[in-house]
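These notes are about the structure you will find just below.
In what follows, residues are counted from 1 in the order of the sequence shown. Each ligand, and each atom within it, is numbered from 1 in the order the structure gives.
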Amino acid sequence: MMEKLAIFGGDPVIKEKLPTVDDASGRFFGEEELSLVTEVMKSGKLNYINGAKIAMFEKEFAEKYGVKYAATCSSGTAALHGAVIALDLEPGDEVIVAPITDMGTIIPILMQNLIPVFADVDPDIHNVDPTSVEEKVTGKTKAIIVVHMFGHAVDMDPIMDIARKYNLYIIEDCCQAFNTLYKGRLCGTIGDIGCFSFQQSKQMTTGDGGMIISNNDKIGRRLKLCVDKGWPRDGQFRDHLFLAPAYHMTELQAAVGIAQLRKLDSIIDSRRNMAKLLNEKFINDEMVSVPVEKEWARHTYWKYPLKINVSRIKADMDTLAASLKAEGLVCWAGYTKVPIYMYNVLTIPYTYGKSGYPLADGGYKYGEGLCPKAEKDLKEMLVVPFCEGYKPEHIDLIAKTIKKVMEYYKA
Ligand SMILES: Cc1ncc(COP(=O)(O)O)c(C=O)c1O
């Protein structure tokens, strides 16, 4: 007999809260973080420019990624903003970008008075499809921001070919992609600039925070200035070389970041091992497809995006998510629900007061229909939470929960 769902008063599958990235239960936090944070407190030097931890975090991150330049900042959005500032583009220049991402990828483009142009996705991996990217190149295109979604790499070789062909900068948004590999290379080191977020949900965290990396001498030397008021701190006299915000990380965050970075490999190993177990639960499942890992990629599972065969279920995705939540598994139907170009900021557009700048009068139109594959992809996507604190018994419970709910709604 079919089991009664918890949403209708049945017994929930998950009786004790699962480990989560939202608190210590799902994270690898320990004495290492505590001891470094304590050092900072004892030193009394807490801010961006005063202590040693920011410099140490930047040095260790640069070493880990094998790059010459690394700059800490206050968030992933700040990292992307700093990166876009570093390119020194002209107002009205176009930046090709992914439609499935966090708003933090788009905000820096608009803040620099640039125009976001959306390319459609390869729905297998939810990342931009290079063919669509090339179709969007115009005489005004100056850069591409690729987003390695959920921890899976974008197909970078064709993207780099496009960059060379049209002389474009490439920024890699790695806010969900720590230790992600593309053909054995770390994502974030393939284009001109890599950007990371240490916000609480990410594979490694400092609560909030960000990092910008580069191997390009011209850009790399500007990175710290781009998140520090354009202020060259080594100069004899105070100076501000160009317009840039103050997006500072603190020493306390950097202390946590150093400890987290040193654990990153074990965090990713744990996530990959648990994802493999979960993948195995759905082999040949007709209703659920597990995240694709292309042969050229190493997935690092920020979250675990399932594809639902919607033609096989007799409920909408929100009902599915609500039913899973009632069983004890908080999932999200459709990640951002709609592609990022369907939010007010772009559709109204609501940017600088009522001016609509820089989009108004430019003939730029955003709204439904722009990237049909991305729109369909989000309608079929169910995002399952993930963390390094999962054990095989949690994976069993997650699989059991999904199977119970899917079985109930099977068409
Ligand atoms: C792909 C992507 N880009 C940018 C951001 C922005 O990062 P933050 O929230 O740290 O500003 C995030 C984080 O949510 C993200 O997932």
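- Between Tyr390 and His394, the angle of the ring planes lies from 30° to 60°, which puts this pair in the tilted group.
- The only option from Tyr247, Phe57, Phe198, Phe61 that meets the side chain to side chain contact (heavy atoms under 4.5 Å, CB included) definition with Thr72 turns out to be Phe57.
- Using a 4.5 Å cut-off on side-chain heavy atoms (C-beta onward), Leu36 and Glu39 make contact.
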Which pairs would a plain distance check flag for residues 175-183, meaning a side-chain donor or acceptor within less than 3.5 Å of a matching protein atom at least two apart in sequence or in another chain?
from, atom 1, to, atom 2, distance (Å)
Gln176, OE1, Phe150, N, 2.7
Gln176, NE2, Tyr335, OH, 3.0
Asn179, ND2, Asp265, OD1, 2.9
Thr180, OG1, Gly151, O, 3.0
Thr180, OG1, Thr300, OG1, 2.8
Tyr182, OH, Asp155, OD1, 2.7
Tyr182, OH, Met156, N, 3.4
Tyr182, OH, Asp157, N, 3.0
Lys183, NZ, Asp157, OD2, 2.7

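- Atom OG in Ser75 sits 8.5 Å away from atom CG in Leu80 (nearest 0.5 Å).
- The protein residues lying under 4.0 angstrom from ligand 1, judged by non-hydrogen atoms, are Ser75, Gly76, Thr77, Leu80, Thr101, Asp102, Thr105, Val147, Asp173, Cys175, Gln176, Ser197, Gln199, Lys202.
- Considering only heavy atoms from C-beta on, Asp120 comes within 4.5 Å of Pro372 through its side chain.
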